[in-house]
Amino acid sequence: MDLAILLKAAILGVVEGLTEFLPVSSTGHLILAGDLLDANDERWNVFNIVIQTGAMLAVVWEYRTRFFKLDLNLYRNLLIAFIPAAVLGFLFSKYIKTYLFHAVPVALAFIVGGVVILLVERNPKTSHRVEQTRDMTWLDALKVGVAQCFALIPGTSRSGATIIGGMLFGLSRKAATEFSFFLAVPTLIAAGIYDLWNNRELLSAADVPAFGVGLVVAFVSAFVVIRWLIRYVATHDFKPFAWYRIAFGIVVLVTAYFGWVDWKA
């Protein structure tokens, strides 16, 4: 395996791990990084989906006492929250890739998402109906699952949609963030398996080392982010991420206008 390919895999793994659980859209960052690294063909697109599994495993490891303990309430809530986006993604994934993976929709999703975060954070609630994820009902989970549907729009951010959605629906900042982590597990597993199966003819045994490097690096970097974000939300809001999203949306438009990045799948 070419060392240059392994280096690209490692860099993309870092990008995935650092952005998957922050409300900034990992997809948008991977598109930009892939184009700058000349790693933007169909095989690399599959790679970007599959290495999300590494980030997901970081969640499982960090919260292993929750996942490997018989917790029917958690399992039920994850299943309920997973279904809305899974159904819509299955039905409309081709249309989304065809019509929304363009500079303007991606940039607008970044900017609108940033504005939404600023509006939500303008008058933060001092008390919450749901303080811990253990207190969530099936209806709370369904509401977060509906919010996750917005993440089907490229540039929206799965974690951003679920965290901010959860906060709007009465979850505390910590509960919304943790449930967003938990919901990543079935969502990223399903997305990885679905994309890998649909594009299996593009891959070969020679791709295994690059995928292995990407998965490991994504796991490590995501684990660091998860630990940091839980501490961060205890004393900070999400406004810095909102301004970052708005700035990144402008970057998307500029890079697309000058032809530096092809914002089309």
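Residue numbers count from 1 along this sequence.
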Heavy atoms only: give me the nearest P23-G160 pair and the separation to one decimal. CB-CA, 3.5 Å

In terms of heavy-atom contacts, T98 and H102 come closest through O-NE2, 2.9 Å

Same cluster for L119 and I164 if Ile/Leu/Val/Met/Phe/Trp/Tyr side chains link at under 4.5 Å? no

Flag, side chain of K8 to backbone of L37, donor-acceptor distance under 3.5 Å: yes

ring-ring contact (aromatic ring centres under 6.0 Å, His included) partners for F150, two or more places apart: none

Take the angle between the ring planes of F181 and Y63 and call it parallel below 30°, perpendicular above 60°, tilted in between. tilted

Looking at CD1 of I5 and CZ of R43, how far apart are the two atoms once the value is rounded to the nearest 0.5 Å? 7.0 Å

Verify side chain to side chain contact (heavy atoms under 4.5 Å, CB included) between F21 and R158, making sure each step is shown before the conclusion. CA-CA 8 Å; F21 299 109; R158 188 204 61 80; 3.9 Å; yes

From CG (L229) to CD1 (I163), nearest 0.5 Å: 6.0 Å

Would you say Y232's side chain and D237's backbone share a donor-acceptor pair under 3.5 angstrom? yes

Are Y194 and S93 packed together at the side-chain level, in the sense that at least one heavy-atom pair is separated by less than 4.5 angstrom? yes

With a sphere of 6.0 Å drawn around CZ of R122, does it hold more than 12 non-hydrogen atoms of other residues, nucleotides or ligands? no

Within 6.0 Å of CZ in R76, more than 12 heavy atoms from elsewhere: yes

Heavy-atom side-chain proximity of D140 to R129 below 4.5 angstrom: yes

From CA spacing to verdict: side chain to side chain contact (heavy atoms under 4.5 Å, CB included), W44, D41: CA-CA 5 Å; W44 282 108; D41 60 18; 3.1 Å; yes

When hydrophobic residues are tied together by side-chain contacts of less than 4.5 Å, even through go-betweens, does V130 share a cluster with I230? yes

Reported CD1-to-CD1 distance for the pair I193 and I49, which is rounded to 0.5 angstrom: 13.0 Å

Once the angle between the rings of F211 and F47 is folded into 0 to 90°, is it parallel (under 30°), tilted (30 to 60°) or perpendicular (over 60°)? perpendicular

Below 30° counts as parallel, above 60° as perpendicular, anything between as tilted: where do the rings of F258 and W260 land? parallel

If you define the side chain from C-beta out and look only at heavy atoms, does anything of I153 sit under 4.5 Å from P105? no

Before you tell me yes or no, could you show the steps for N73 and R134 under side chain to side chain contact (heavy atoms under 4.5 Å, CB included), namely the whole-Å CA-CA distance, both residues' side-chain angles and the distance that decides it to 0.1 Å? CA-CA 8 Å; N73 185 63; R134 291 182 174 86; 5.6 Å; no

Look at the side chain of R245 and the backbone N and O of G155, then say whether any donor-acceptor pair between them is shorter than 3.5 Å. yes

I'd like to know if I80 and L78 are part of one continuous hydrophobic network [Ile/Leu/Val/Met/Phe/Trp/Tyr, side-chain heavy atoms within less than 4.5 Å]. no

Which distance, rounded to the nearest 0.5 Å, do you find between the CG of L152 and the CG of L100? 9.5 Å

Side-chain heavy atoms under 4.5 angstrom apart, residues restricted to Ile, Leu, Val, Met, Phe, Trp, Tyr: same cluster for L3 and V14? yes

What distance separates F67 CZ from L74 CG, expressed to the nearest 0.5 Å? 6.0 Å

Other residues, nucleotides and ligands only: do more than 12 of their heavy atoms fall within 6.0 Å of OH on Y75? yes

List the atom of G34, the atom of L12, and the distance in Å for their closest heavy-atom pair. N-CD2, 4.0 Å

Atom of F238, atom of M167 and distance for their closest heavy-atom approach: CE1-SD, 3.8 Å

Please tabulate, for the side chains in residues 106-117, all donor-acceptor contacts under 3.5 angstrom to protein atoms that are two or more places apart in sequence or on a different chain.
none

Qualifying residues under side chain to side chain donor-acceptor pair (under 3.5 Å), relative to S25, sequence neighbours excluded: none

Within the 4.5 Å heavy-atom criterion, are F248 and L32 side-chain neighbours or not? yes

Can you spot which of H128, E121, H236 makes a side-chain hydrogen bond (donor to acceptor under 3.5 Å, both in side chains) with R173? E121

Could you check whether any side-chain N or O of S26 sits under 3.5 Å from a backbone N or O of E20, counting only pairs where one atom can act as donor and the other as acceptor? no

When you look at L215 and V213, which way does the side chain to side chain contact (heavy atoms under 4.5 Å, CB included) test go after all the steps? CA-CA 6 Å; L215 285 166; V213 168; over 6 Å; no

Is the shortest heavy-atom distance from the side chain of M56 to the side chain of V59 under 4.5 Å? no

Taking all non-hydrogen atoms of both residues, which atom of F82 and which atom of P186 are closest, and how far apart? CE1-O, 3.6 Å

Shared hydrophobic cluster for L91 and I83 (ILVMFWY, side-chain gaps under 4.5 Å): yes

State, yes or no, whether a side-chain contact exists between L118 and W243 at a heavy-atom distance under 4.5 Å. yes

Nearest-0.5 Å distance, CG of residue L253 to OG1 of residue T255: 8.0 Å

Looking at I51 and A218, what are the two nearest heavy atoms and their distance? O-CB, 3.6 Å

Under the 3.5 angstrom rule, does the side chain of N48 hit a backbone N or O of N45 as a donor-acceptor pair? no

Residues, nucleotides or ligands: over 12 heavy atoms within 6.0 Å of W228 CH2: yes

